[in-house]
Amino acid sequence: MPELPEVETMVRGLRRIVGRTVARTRLSHDDILYRTTRRRLLAGLSGVTLTGVSRRAKHAVVSTSRGTWLVVQPGMTGSLYLRRGALTADDTRYGVLRCQLDDGRTLVYHDVRRIGSLRLLDQEAFVAWEAALGPEPLATDFTARDLAASVGRTRQAIKKALMDQRLLAGVGNIYANEALFVASIDPSKPANRIPDAAWLPLHRALRRILRTAIAAEGSTIRDYRTGDGRPGGFQKAFTVYGREGEPCIRCGTALTATHLIDARVTVFCHRCQR
DNA sequence: ACGAGGTCCTGCGAGC
DNA sequence: TGCTCGCAGGACCTCG
C-alpha cells in the first residue's frame, strides 16, 4: 500500500522520463479517472514532453511541457514504473495507463484494484490541489510545533488525524501505527488532547521511520515493488503492523489489534502506548 | 462544520 | 475440487 516512502521510491526510479516525449497513450479503464474524461486525458498527454517528476503526499506528480500536471494516486495496489522494451502480459493486463515514450520505453501505471486515481490538472487546478494537502513531514523546516498545530487541531483519534491528508501529507495506516508505537502514544487518544510534551517524540518518530523506510525502498506487504521489480525492505523493521498477538518488543505484552479507529487495522501495545 | 459510515475495485485465502 | 464470501484499504462522498 503505497504511502510516502513507497511513492518516493517510485518517483526516484522515474528520473529518466524527464525530457522524454509521449508518443502514444493507452488507457484501459475510465474508472481510474478523477474529474476528467478519457478524451481529455489522452488529448492532454498526446505529444507532450515530460519535464519533471516528483512526489507530493502519496501522489506521484509528472509535469509536462504544456503547463499541466499528471497526478497519480496509487491507492492500494497502484505503481508507476518504466518498462524498457516489450510489455509483459501483466503490464498489459493491469497497466491502466501506458504512455509510449520516444526512447522506446513505456511509462506504465499498473493497478490491479484500481482504487487509485489519475488526474490531469492545469495550473489553476494544480495549485488548488496542492494547497489542500497538509505539510510534508520530511520537509526540512517541518517542526514538532508545526505537527502539533496541524494534526492537533482535531478531536479525532490521533491515528486518524495523522492519516488525514489535509492535516499531514503522506502518512497512511502502516506508518501511523509504527510512529505511534515508537512515540508510545495510544492511537485512540484524541489529537487535541495529546500533551505538549508528546509532540516532539511523535515528530521525531515519524520522520525517522519515514526516512528509514525510504532508505529501505518502502514496505512490501503483498503487491508493492520498486521500479526494478524488487520488494521493499522496511516490512522487516515493523514493530507493530501485522504483529497482532505477538509480543511487544519493549515489554513483551501481546499486541492488540482493533478496527475501531476509521475501520482500519490498528495494532498497538496497550501497556506501552498511553 | 464536523463526524460516521458507505463506496469503489479485484485477488486472495478461509471455510464449506 | 470448486464454489462463495469476507477482507484488504485511501480518498471521496453522502447523510445525519
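Keep in mind that what you see is a predicted model, and the values were worked out from it rather than measured.
With hydrophobic clusters built from ILVMFWY side chains whose heavy atoms lie under 4.5 angstrom apart, A:Leu202 shares a cluster with A:Ile174. Clustering ILVMFWY residues whenever any of their side-chain heavy atoms sit less than 4.5 angstrom apart, transitively, puts A:Ile194 in the very cluster that holds A:Leu167. Hydrophobic clustering, with ILVMFWY side chains joined whenever heavy atoms are under 4.5 angstrom apart, groups A:Leu138 together with A:Val151. Under the 4.5 Å side-chain contact rule for hydrophobic residues, A:Val112 and A:Leu118 do not share a cluster.
When the shell of 6.0 Å around CZ of A:Arg250 is examined, it contains more than 12 heavy atoms from other residues, nucleotides or ligands. A 6.0 Å sphere centred on CZ of A:Arg230 holds more than 12 heavy atoms belonging to other residues, nucleotides or ligands.
For A:Lys160, no side-chain nitrogen or oxygen approaches OP1 or OP2 of B:dG3 to under 4.0 Å. Taking only side-chain nitrogens and oxygens, A:Arg153 never comes nearer than 4.0 Å to OP1 or OP2 of B:dC2. Considering only side-chain N and O atoms, A:His259 lies under 4.0 angstrom from the phosphate OP1 or OP2 of C:dA8. Contact check, A:Gln73 against C:dG10: no side-chain N or O comes under 4.0 Å of OP1 or OP2.
Taking the six-membered ring where the residue is Trp, A:Trp129 and A:His59 present perpendicular rings, their angle passing 60° and hence far from 30°.
Between the CD atom of A:Gln156 and the P atom of B:dA1 there is a distance of 16 Å, given to the nearest Å. If you take CD of A:Glu244 and C1' of C:dC7, they are 13 Å apart, rounded to a whole angstrom. Rounded to whole angstrom, the span from the OH atom of A:Tyr241 across to the C1' atom of C:dA8 amounts to 8 Å. Following rounding to the nearest Å, A:Asp262 (CG) and B:dC2 (C1') show an atom-to-atom distance of 14 Å. As rounded to whole Å, 9 Å separates atom P of B:dG3 from atom CG of A:Asn192. The CG-P distance, from A:Asp164 to B:dG5, rounds to 17 Å in whole Å. In this structure, A:Arg166 atom CZ and C:dG10 atom C1' are separated by 13 Å, rounded to whole Å. As rounded to whole Å, 16 Å separates atom P of B:dG3 from atom CE of A:Met163.
Across all strands, A:Gln165 comes closer than 4.0 Å only to sugar-phosphate atoms, never to a base (heavy-atom distances). Nucleic acid contact class of A:Asn173 (heavy atoms, under 4.0 Å, all strands): sugar-phosphate only.
Taking every heavy atom of both residues into account, A:Asp186 and A:Ile158 meet most closely at O-CG2, 3.4 Å.
Salt bridge A:Arg83/A:Asp91: present, at least one basic N to carboxylate O contact under 4.0 Å.
In summary, of the residues considered (A:Thr106, A:Leu82, A:Thr21, A:Thr49), a side-chain contact (heavy atoms from CB on, under 4.5 Å) with A:Leu101 occurs for A:Leu82 alone.
No hydrogens or angles were tested; on distance alone, a donor-acceptor pair under 3.5 Å links the side chain of A:Arg264 to the base of C:dG10.
Within residues 224-231 of chain A, no residue is approached by DNA chain C to less than 4.0 Å at the level of any non-hydrogen atom.
Side-chain N/O atoms of A:Asp90 and A:His110 include a donor and acceptor closer than 3.5 Å.
Counting only distance, with no hydrogens or angles, the side chain of A:Glu6 and the backbone of A:Gly232 share no donor-acceptor pair below 3.5 Å.
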Using the 3.5 Å cut-off, write out each protein N or O paired with an N or O of nucleotides 8-13 of chain B and the distance between them.
| from | atom 1 | to | atom 2 | distance (Å) |
| --- | --- | --- | --- | --- |
| B:dC9 | OP1 | A:Asp31 | OD2 | 3.4 |
| B:dC9 | O4' | A:Arg113 | O | 3.4 |
| B:dC9 | O3' | A:Arg114 | NH2 | 2.9 |
| B:dT10 | OP1 | A:Arg114 | NH1 | 3.3 |
| B:dT10 | OP1 | A:Arg114 | NH2 | 2.8 |
| B:dT10 | O2 | A:Arg113 | NE | 3.2 |
| B:dG11 | OP1 | A:Arg93 | NH2 | 3.3 |
| B:dG11 | OP1 | A:Tyr94 | OH | 2.3 |

Please list each protein N or O that sits under 3.5 Å from an N or O in nucleotides 13-16 of chain C, with the distance.
| from | atom 1 | to | atom 2 | distance (Å) |
| --- | --- | --- | --- | --- |
| C:dC13 | OP1 | A:Arg35 | NH2 | 3.3 |
| C:dC13 | OP2 | A:Arg35 | NH2 | 3.2 |

